J.: 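This is the structure, below, for whatever I ask next.
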Amino acid sequence: MKKVLFVCLGNICRSPLGEAVFNYKASALDMDADSAGTAAYHVGENPDHRSIEVARKHGVPISHKAQKFVAEDFDRFDYVIAMDEQNYNDMKALANGSTEHLYLLREFDPDSNGDLNVPDPYYGGIDGFEKVFQMVSRSVDGLINHIQSKK
Ligand code: 4NP
């Protein structure tokens with residue numbers, strides 16, 4: 001069983017979508033995803049209502065309670081997937097500079113055009129959440145293919 005952790009800042013908008021889309025697409029595979037945030041502001045909360053709306057629109061079940069990322073997660077997960085470069089650098093610092101198990105989600109996006117950030121949609125409208133969903137969906141396909149190629 002390969003274990004994947006999606007990580008953003010608040011763990012209410014982007015990374016719960018990563019977790020939900022991954023578990024939906026990989027349900028028949030020997031893989032499982034969870035999610036966490038580098039900040040603790042929203043610990044215990046459900047995903048943002050706009051993430052829930054976008055997931056439901058695409059038929060993807062979503063259910064999560066926000067939790068804070070901790071350094072021990074590098075040992076518990078085979079793949080720790082950052083939504084943006086800030087998240088990546090914050091986690092790298094917690095690992096004392098090591099990048100073992102650490103990736104940016106959009107490394108796996110065939111349409112990234114060199115932009116490796118999933119933008120934070122929190123202060124925008126629902127259209128930003130739809131864009132995030134599309135980026136996450138493309139990238140998760142690439143990530144699943146990558147994990148399968150390593151098995
Ligand atoms: P997320 O979005 O990192 O995708 O969950 C955010 C949610 C909340 C905040 C920032 C980003 N916040 O500052 O409360």
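As the structure lists them, so they are numbered: ligands from 1, and atoms in each ligand from 1. Remember, predicted model here, so these are calculated numbers, not experimental data.
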J.: Nearest non-hydrogen atom to atom 7 (C) of ligand 1 belongs to which of Phe129, Tyr122, Tyr41, Phe6?
T.: Tyr122

J.: Are the aromatic ring centres of Phe69 and Phe74 under 6.0 angstrom apart?
T.: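 That pair passes the under 6.0 Å test.
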
J.: May I ask you to list the atoms of ligand 1 that are less than 4.0 angstrom from any heavy atom of Tyr123?
T.: 13 (O)

J.: What I want to check is whether the side chains of Glu85 and Asn89 have a donor and an acceptor closer together than 3.5 Å.
T.: no

J.: Determine, using heavy atoms of His42 and all atoms of ligand 1, whether some pair is separated by less than 4.0 Å.
T.: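 A heavy atom of His42 does come that close to ligand 1.
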
J.: For ligand 1 and Asp120, I'd like to know whether there is a polar contact (N/O to N/O, distance under 3.5 Å).
T.: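 Indeed, backbone or side chain, Asp120 has an N or O that close.
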
J.: Under 6.0 Å between the ring centres of His146 and Phe108?
T.: yes

J.: Please determine, by modelled atom types, if Thr38 and Lys68 share a side-chain donor-acceptor pair under 3.5 angstrom.
T.: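 No, no side-chain donor-acceptor contact under 3.5 Å.
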
J.: Look at atom 10 (C) of ligand 1 and find which of Leu9, Leu17, Val132 reaches it with the closest heavy atom.
T.: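 Of the listed residues, Leu9 has the closest heavy atom.
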
J.: Answer with side chain, backbone, both or neither: which part of Asp48 has a heavy atom less than 4.0 angstrom from an atom of ligand 1?
T.: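 No part of Asp48 comes within reach of ligand 1.
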
J.: For residues Asp84 and Asn87, is any side-chain donor paired with an opposing acceptor at under 3.5 Å?
T.: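 Side chains of Asp84 and Asn87: pair found under 3.5 Å.
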
J.: Which of the atoms in ligand 1, numbered in the order shown and given with their element, are less than 4.0 Å from a heavy-atom of Cys13?
T.: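 Once the distances to Cys13 are compared, the set is 1 (P), 2 (O), 4 (O), 5 (O).
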
